[in-house]
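Below: the structure, in structure tokens.
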Amino acid sequence: MALRVYNTLSARKEEFVPLEPGKVKMYVCGVTVYDHCHIGHARANVVFDVIYRYLRYRGMDVTYVRNYTDIDDKIINRANREGVPFHEISERFIREFDRDMEQLGLLLPNVQPKATEHVGEIISLVQELIDKGFAYQAGGDVYFCVERFDPYLKLSKRSLEEMQAGARIDVDERKRHPMDFALWKEAKPGEPFWESPWGRGRPGWHIECSAMSMKYLGETFDIHGGGKDLIFPHHENEIAQSEAATGRRFVKYWLHNGFVNINSEKMSKSLGNFFTIKEVLDKYDSEVLRFFLLSAHYRSPLDFSDQNLDEAEAGLARIYKALAGIEEVLAGETPDSVEKITPVSMKEAERELHEKSGSIRERFKEAMDDDFNTAQAFGNVFDLVRSINRVLVESTEKSGFIKALLADSRDKIRGIGGVLGILTSEPVAYLERIRGRKVADLPISVDEIERLIAERTAARKSKDFKRSDEIRDALLARNIVVLDGPQGTTWKVK
RNA sequence: GGCGGCGUAGCCAAGUGGUAAGGCAGAGGUCUGCAAAACCUUUAUUCAGCGGUUCAAAUCCGCUCGCCGCCUCCA
């Protein structure tokens with residue numbers, strides 16, 4: 001079965017055929033480093049991280065490039081506000097970005113180029129556009145001439161007339177057409193600058209991505225990704241600059257992720273309705289956030305709320321609990337491969353698990369091959385989790401076959417988790433980590449809880465259920481739920 | 001104003017022509033000293049509404065209502 005991806009350019013799902021068999025060249029727009037990253041940035045980066053992982057899982061050799069735009073008006077504005085050099089701002093937020101992405105468990109791209117380290121390439125590209133008549137100098141600025149590039153707006157599927165009809169576009173008499181955009185900007189006094197054939201200035205926004213993507217991936221490459229809000233103008237302008245310069249198709253597949261919403265409204269800086277990654281990770285485990293971000297299809301809007309995060313936490317815990325249950329049964333054993341064992345007979349639940357475990361990889365591939373349908377993939381995983389739980393409870397005698405079957409299921413779930421960047425922890429450790437995080441917010445210590453539970457266990461032993469229930473109620477009143485099991489009593493935070 | 005998207009159970013969310021995945025929450029049962037957890041069963045004759053095409057539609061077409069996005073920096 002073939003991988004199919006939704007291409008913004010054609011507005012339909014297409015079979016994914018890399019330009020060079022077995023090799024994928026992928027560029028994703030990173031961030032302009034002038035502020036902290038919010039959950040919207042987290043989504044974009046997690047989504048493309050999963051796409052990167054999945055392509056590799058599918059056996060492709062992927063070259064993944066993600067840039068830092070480290071020179072831009074916003075960076076300069078912030079630097080002026082704080083009275084520091086612009087690179088102090090960009091360096092600070094590159095560090096912040098790197099830390100956020102590391103905490104989110106992202107794989108590192110192969111190349112993470114910075115705009116300021118590619119000014120030479122940018123200048124050459126601008127010069128080429130001027131030489132070919134697609135750009136013109138106006139004072140110390142250089143503009144791209146949109147009317148000269150016929151396919152302009154093919155990605156966002158609009159026309160120049162439509163764009164101007166209701167739009168508020170800054171009138172700049174130096175531009176030949178109101179939609180012309182800057183490739184190079186003249187430096188105002190006090191602003192950072194590079195020497196160029198047009199005087200001292202800096203790159204415009206957009207040109208850095210054309211220059212860097214083509215430098216590392218070639219004039220034509222497979223995948224270019226980013227948030228939906230980059231379709232216009234950023235990606236549209238990248239197409240114009242790149243294709244005008246090379247005369248060749250720039251990108252084969254354009255992939256765009258949907259927004260994170262707050263109360264159905266786009267999370268954005270200007271609305272002020274955003275949460276930074278750091279804030280959310282103070283409250284939720286990074287795997288919970290990843291699981292949440294992947295619980296909807298990447299192109300759909302995703303509503304961010306505490307309730308939704310709590311539900312994600314509960315869902316992820318369900319998977320981890322099943323894995324913990326398997327570890328408990330195996331008790332460190334490594335059973336033989338399940339294929340090598342022929343059971344004498346199978347109970348209904350075992351037969352079901354055998355079948356579901358046997359088909360899970362195929363179903364995962366099917367879901368992911370359909371435009372990276374992670375939500376569907378989770379459905380399949382939960383389906384398997386239910387079968388695991390059933391066997392854990394119903395098959396009281398854990399034969400070698402059952403152990404092998406459980407170990408096999410565990411390995412497959414972890415394998416899938418690896419592609420999605422979740423389920424990377426030891427189950428018990430994860431569950432304790434989550435619990436510890438919650439208990440830290442309660443006015444009770446782990447020591448005290450365990451002391452009370454020990455007291456209750458003693459009471460139960462002597463059949464003093466009144467005292468035992470008193471303790472349980474007292475703990476419950478402080479949000480601690482007591483769980484009695486065959487192996488003894490455990491507890492969790494409500 | 002122009003262009004585009006979305007509307008599936010209490011909530012979240014898959015499903016683009018063949019008769020509604022999954023998660024959370026809820027109810028009943030098994031288990032338990034009683035609970036909880038886990039498991040089992042159960043919760044949408046129906047996919048915003050109204051028409052149309054078809055043997056067959058949540059899925060295709062038209063209209064209406066509601067929500068959102070882009071057109072300005074934005075993942």
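Hydrogens, waters and symmetry mates play no part in the numbers below; they use all other heavy atoms, side chains included. If you're wondering where the values come from, they're calculated on a predicted model, not measured in any experiment.
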Please list each protein N or O that sits under 3.5 Å from an N or O in nucleotides 12-19 of chain B, with the distance.
residue	atom	partner	partner atom	Å
B:rA14	OP1	A:His297	N	2.7
B:rA14	O3'	A:Asn373	ND2	2.8
B:rA14	O2'	A:Gln376	OE1	3.2
B:rA14	O2'	A:Gln376	NE2	3.3
B:rG15	OP1	A:Asn373	ND2	2.7

Q.
Counting C-beta onward and ignoring hydrogens, is there a side-chain heavy-atom pair between A:Leu293 and A:Tyr298 closer than 4.5 Å?
A. no
For residues 93-103 of chain A, which side-chain donor-acceptor pairs fall under 3.5 Å, sequence neighbours excluded?
residue	atom	partner	partner atom	Å
A:Glu96	OE1	A:His36	ND1	2.9
A:Asp98	OD1	A:Tyr68	OH	2.5
A:Asp98	OD2	A:Tyr68	OH	3.4

Q.
Work out how far the C1' atom of B:rG7 is from that of B:rA58, and round it to whole angstrom.
A. 11 Å
**Q.** side chain to side chain contact (heavy atoms under 4.5 Å, CB included) against A:Lys412, all qualifying residues, sequence neighbours excluded
**A.** A:Ser357, A:Ile360, A:Arg361, A:Asp408
(Q) Measure CD/A:Glu265 against P/B:rC6 and give the value in whole Å, please. (A) 20 Å
Q | Strand partner of B:rA48, provided both Watson-Crick or wobble distances fall under 3.5 Å | A | B:rU64
Q) With sequence neighbours excluded, what pairs up with A:Ala115 under the side chain to side chain contact (heavy atoms under 4.5 Å, CB included) test? A) A:Asp70, A:Ile71, A:Glu208, A:Met212
Q | Span that lies between the C1' atom of B:rU53 and that of B:rC60, in whole angstrom | A | 8 Å
Q | No-H, no-angle donor-acceptor pair, A:Lys74 side chain to B:rC73 base, under 3.5 Å | A | yes
**Q.** Rounded P spacing from B:rC6 to B:rG17 in Å
**A.** 15 Å
**Q.** Partners meeting ring-ring contact (aromatic ring centres under 6.0 Å, His included) with A:Phe382 (sequence neighbours left out)
**A.** none
Q) Does A:Lys356 reach the side chain of A:Arg363, with side-chain heavy atoms less than 4.5 Å apart? A) yes
Q: Would you give a per-nucleotide map of nucleotides 34-40 of chain B, 5' to 3', where B means the base has a protein non-hydrogen atom under 4.0 Å away, S means only the sugar-phosphate does, and - means neither?
A: BBBSSSS
Q. Between atom CZ in A:Phe181 and atom C1' in B:rC71, what is the gap in whole Å?
A. 16 Å
Q. How close or far is atom P of B:rG69 from atom CG of A:Asn263, stated in whole angstroms?
A. 12 Å
Q.
Applying ring-ring contact (aromatic ring centres under 6.0 Å, His included), can you list everything that pairs with A:His41, at least two apart in sequence or on another chain?
A. A:His38
Q | Identified pairing partner of B:rA9, criterion: Watson-Crick or G-U wobble below 3.5 Å | A | none
Q: Quickly work out the A:Asp383 CG to B:rG23 C1' distance and round it to whole Å.
A: 12 Å
Q: Could you tell me the separation between the CG atom of A:Asp73 and the P atom of B:rC73, rounded to a whole number of Å?
A: 10 Å
Q: Give one of base, sugar-phosphate or nothing for A:Phe259, where a contact means two heavy atoms less than 4.0 Å apart.
A: base
Q) So, A:Phe382 and B:rG22: ring centres less than 5.5 Å apart, planes less than 30° off, yes or no? A) no
Q | Carboxylate-amine/guanidinium proximity below 4.0 Å for A:Glu14 and A:Arg4 | A | no
Q: Can you tell me the pairing partner of B:rG69 across any strand shown, Watson-Crick or G-U wobble, with both distances under 3.5 angstrom?
A: B:rC3
**Q.** Interatomic distance where NZ belongs to A:Lys266 and P belongs to B:rG69 [whole Å]
**A.** 8 Å
Q: Specify the separation, in whole Å, of atom CH2 of A:Trp254 and atom P of B:rA75.
A: 15 Å
Q: Please identify each residue that fulfils side chain to side chain contact (heavy atoms under 4.5 Å, CB included) with A:Ser399, with sequence neighbours left out.
A: A:Phe401, A:Ile402
(Q) I need the CZ-C1' distance between A:Phe291 and B:rC24, as an integer number of Å. (A) 10 Å
(Q) Could you identify the nucleotide paired to B:rA37, looking across every strand shown and requiring Watson-Crick or G-U wobble geometry with both distances under 3.5 Å? (A) none
Q) Considering every strand shown, what is the Watson-Crick or G-U wobble mate of B:rC55 when both distances are under 3.5 Å? A) B:rG18
Q: Quick one: list whatever passes side chain to side chain contact (heavy atoms under 4.5 Å, CB included) with A:Lys466, sequence neighbours left out.
A: A:Asp464, A:Glu470
